[in-house]
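Step one of this worksheet: look at the structure below.
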Amino acid sequence: MKIVIINHSDTLGGASVVSRRLMHALRSLGHDAWMLVTHRASDDPHVVTAAPKWRSRLSFIAEHARIFLNNGHNREDLFKASIATDGLQLATHPLVRNADAVILNWVNQGMLSLYEIGRIAEKKRVLWTMHDMWNLTGICHHAGKCTAYTGTCSNCRLLHSEANEHDLSYLTWQSKKALYDTSGIRFIAVSSWLKRKAEESALMKGRDIRIIPNAFPVEDFYIEPKDTAMPFCLPHDKRLILMGAARLDDPIKGFPMAIEALESVEACNAMAVFFGAIKDHSVFRSPSIIKSAEPWTIDNPFAALSMPHRWLGPVKDAAMLRELYSRACVVISSSLYETLPGTLIEGQAAGCMPVAFDSGGQADIIDSPENGFLVPPYDTTAFATAIYGAVNTTFDREALRKSVQKKFSATTVAEKYIEALKD
């Protein structure tokens with residue numbers, strides 16, 4: 001089967017990584033799979049740039065200019081909304097034209113308009129993988145506490161002074177409905193939580209929605225350290241509690257709650273280790289020191305945290321990251337909401353015990369007491385108790401690894417996509 005996966009990038013962001021992983025898994029099953037992107041950062045021969053950079057940039061600017069003009073000229077929330085009014089003409093691209101099926105992943109920020117998606121769906125079988133809530137709302141990617149998506153979106157908080165009954169969220173909602181009603185597109189939710197949210201949505205009620213998780217290279221991870229030297233000079237005599245994200249202080253990641261919970265953990269022979277970028281250095285005790293030193297040389301950088309800890313900065317070396325996971329015993333996530341948190345899956349693939357709030361797709365990973373601790377959302381006391389319990393519990397690392405292998409391996413996920421395409 002000839003399959004083209006369309007995604008904004010091949011490396012930038014979680015959706016990009018899992019999209020490329022899916023492409024290779026499909027190819028390993030014998031399918032002629034390709035990836036079409038606007039931002040190509042790898043040298044993968046099966047990833048193709050959809051258009052010249054200037055053309056992609058033009059669509060990006062046009063869409064965000066529309067949002068800016070309709071949100072009271074508010075820059076703060078400019079990139080929290082997408083309207084899919086502008087994009088590239090990919091229905092006639094050779095990869096799309098010759099494909100038997102098209103898998104849409106994250107196609108916002110001026111890559112595809114709703115109109116162009118309709119043109120593709122006129123001639124091709126289309127699966128659209130939902131990596132966040134955008135498909136089921138008017139314009140937002142994460143609704144948070146807003147429940148307007150259960151009806152017709154309007155009066156959107158992201159539009160500030162311009163919000164009204166027929167605002168941009170209402171118009172985009174109507175455009176999505178027209179597309180969904182006429183295109184025959186089928187949707188993939190990457191977690192049970194996201195499917196439940198979609199079924200609550202008036203926009204997606206009655207649509208064909210299936211659950212297929214993101215693919216992870218479970219086989220690349222290992223439970224016993226391979227490197228005799230501890231990465232980043234971390235101590236051998238501490239049980240490591242690991243937390244990571246592309247950007248740790250992204251508000252969605254709930255970083256302050258992680259710090260609050262770790263501060264409350266009873267005394268134990270543990271160290272908290274953080275990896276990922278941080279833009280707001282106000283979370284640190286001494287920003288001037290942070291900016292002038294390598295992250296892992298900084299002792300006690302967090303103002304509130306007395307537990308021994310290290311911040312490693314972004315860890316871009318995949319081999320180093322796998323070694324780091326193998327050295328840890330616990331991996332935590334404090335996200336306010338998360339479609340399917342990859343760090344929990346990666347940690348579990350390396351034999352780490354996951355601890356997280358029950359605030360999204362975490363329940364698809366932690367589905368029994370044997371493979372993790374799931375606590376009520378935003379209860380930092382319960383979170384601290386669970387972390388302490390995980391640190392002080394003897395568990396079977398190989399069993400943890402096997403529990404994610406059977407659910408999230410790339411081959412398993414690719415086979416489910418083929419089944420969905422053939423139905």
Side-chain angles (χ1 to χ4, degrees), residues 14 18 130-133 136-137 140-147 149-150 189-201 209 211-214 216 241-246 248 250-266 272 274 276 325 328-393 395 399-401 403-404 406-408:
V18 297
M130 300 184 290
H131 291 277
D132 55 34
M133 294 180 68
L136 57 100
T137 68
C140 72
H141 291 270
H142 292 287
K145 295 181 180 179
C146 176
T147 59
Y149 67 90
T150 60
V190 299
S191 69
S192 303
W193 173 83
L194 188 56
K195 184 182 181 187
R196 288 196 300 272
K197 291 295 181 182
E199 290 172 339
E200 292 173 1
S201 165
I209 307 170
I211 302 171
I212 304 178
N214 290 328
F216 286 86
I241 303 167
L242 200 60
M243 178 178 178
L248 281 166
D250 183 327
I252 292 174
K253 300 302 177 182
F255 190 61
M257 290 189 295
I259 299 299
E260 182 180 339
L262 289 166
E263 181 65 14
S264 302
V265 172
E266 295 180 32
F274 306 92
Y325 277 119
C329 70
V330 177
V331 58
I332 66 173
S333 171
S334 57
S335 294
L336 305 183
Y337 35 90
E338 192 88 62
T339 307
L340 193 70
T343 55
L344 294 185
I345 297 172
E346 292 171 347
Q348 206 170 341
C352 297
M353 182 65 79
V355 179
F357 290 131
D358 188 3
S359 56
Q362 293 90 334
D364 284 15
I365 305 165
I366 306 170
D367 55 15
S368 73
E370 287 74 35
N371 62 19
F373 292 78
L374 211 55
V375 302
Y378 325 134
D379 185 339
T380 54
T381 300
F383 198 31
T385 301
I387 293 171
Y388 179 82
V391 168
N392 290 282
T393 297
F395 48 84
L400 282 168
R401 173 183 164 77
S403 71
V404 293
K406 65 183 180 181
K407 291 187 288 187
F408 302 111

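Only a predicted model underlies this, so the values are computations on that prediction, with no experimental measurement involved. The first residue in the sequence is number 1, and the count goes up from there. These values consider heavy atoms only, across backbone and side chains, with no hydrogens, waters or symmetry-generated copies.
Under a 3.5 Å cut-off, the side chain of S192 and the backbone N or O of D364 do not form any donor-acceptor pair. Not a single donor-acceptor pair under 3.5 Å links the side chain of S333 to the backbone N or O of A356. In this structure, the side chain of T380 does not engage the main chain of M257 through any donor-acceptor pair within 3.5 Å. R401 places a side-chain N or O within donor-acceptor distance of the main-chain N or O of A349, the cut-off being under 3.5 Å.
Listed by chain and residue number, K407 satisfy the salt bridge (charged side-chain N to carboxylate O under 4.0 Å, His left out) test with D367 (two or more places apart in sequence, or in another chain). Under the rule for a side chain to side chain contact (heavy atoms under 4.5 Å, CB included), the partners of S264 that lie at least two apart in sequence or sit in another chain are A384.
At least one side-chain heavy atom of S334 sits less than 4.5 Å from a side-chain heavy atom of M243. In this structure the side chain of L340 reaches within 4.5 angstrom of the side chain of I345, judged on heavy atoms. The closest side-chain heavy-atom distance from V18 to F408 is not below 4.5 Å. Considering only heavy atoms from C-beta on, F395 comes within 4.5 Å of L400 through its side chain. By the 4.5 Å heavy-atom criterion applied to side chains, H142 and L336 are not counted as neighbours. With a 4.5 Å cut-off on side-chain heavy atoms, F373 and V330 do not count as touching.
In this structure, a donor-acceptor pair under 3.5 Å is absent between the side chains of T339 and D132.
Atom CD1 of I241 and atom CD1 of I387 lie 6.0 Å apart (nearest 0.5 Å). In this structure, K195 NZ and I212 CD1 are separated by 11.0 Å, a value rounded to the nearest 0.5 Å. Here the CG-CD distance, from N392 to E266, works out to 8.5 Å after rounding to the nearest 0.5 Å. Between atom CD of residue Q362 and atom OG of residue S335 there is a gap of 6.5 Å, rounded to the nearest 0.5 Å. A distance of 11.5 Å separates CH2 of W193 from CG of D358, quoted to the nearest 0.5 Å.
What you find for L242 and A328 is that their closest heavy atoms are CB-CB, 4.1 Å. Here the closest heavy-atom approach between residue Y149 and residue C146 is recorded as CE2-O, 3.4 Å. Smallest separation of non-hydrogen atoms from I209 and A198: CD1-CB, 3.6 Å. Closest approach of I366 and N371 over heavy atoms only: CA-OD1, 3.5 Å. Residues Y337 and G144 come closest through the heavy atom pair CE2-CA, 3.8 Å. The shortest heavy-atom contact between V355 and L344 is O-CD2, 4.3 Å.
We find that E200 and R196 are not joined by a salt bridge, their nearest charged nitrogen and carboxylate oxygen being 4.0 Å or further apart.
Among residues at least two apart or in separate chains, ring pair (Phe, Tyr, Trp, His ring centres under 6.0 Å) pairs with a member in residues 345-364 are F357-Y378, F357-F383.
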Let's go through M133 and L194 carefully: what are the C-alpha distance in whole Å and the side-chain angles of both, what is the deciding distance for side-chain contact (heavy atoms from CB on, under 4.5 Å) to 0.1 Å, and is it a yes or a no? CA-CA 7 Å; M133 294 180 68; L194 188 56; 4.1 Å; yes
For T385 and V375: C-alpha separation, side-chain torsions, deciding distance, then whether side-chain contact (heavy atoms from CB on, under 4.5 Å) applies. CA-CA 9 Å; T385 301; V375 302; over 6 Å; no
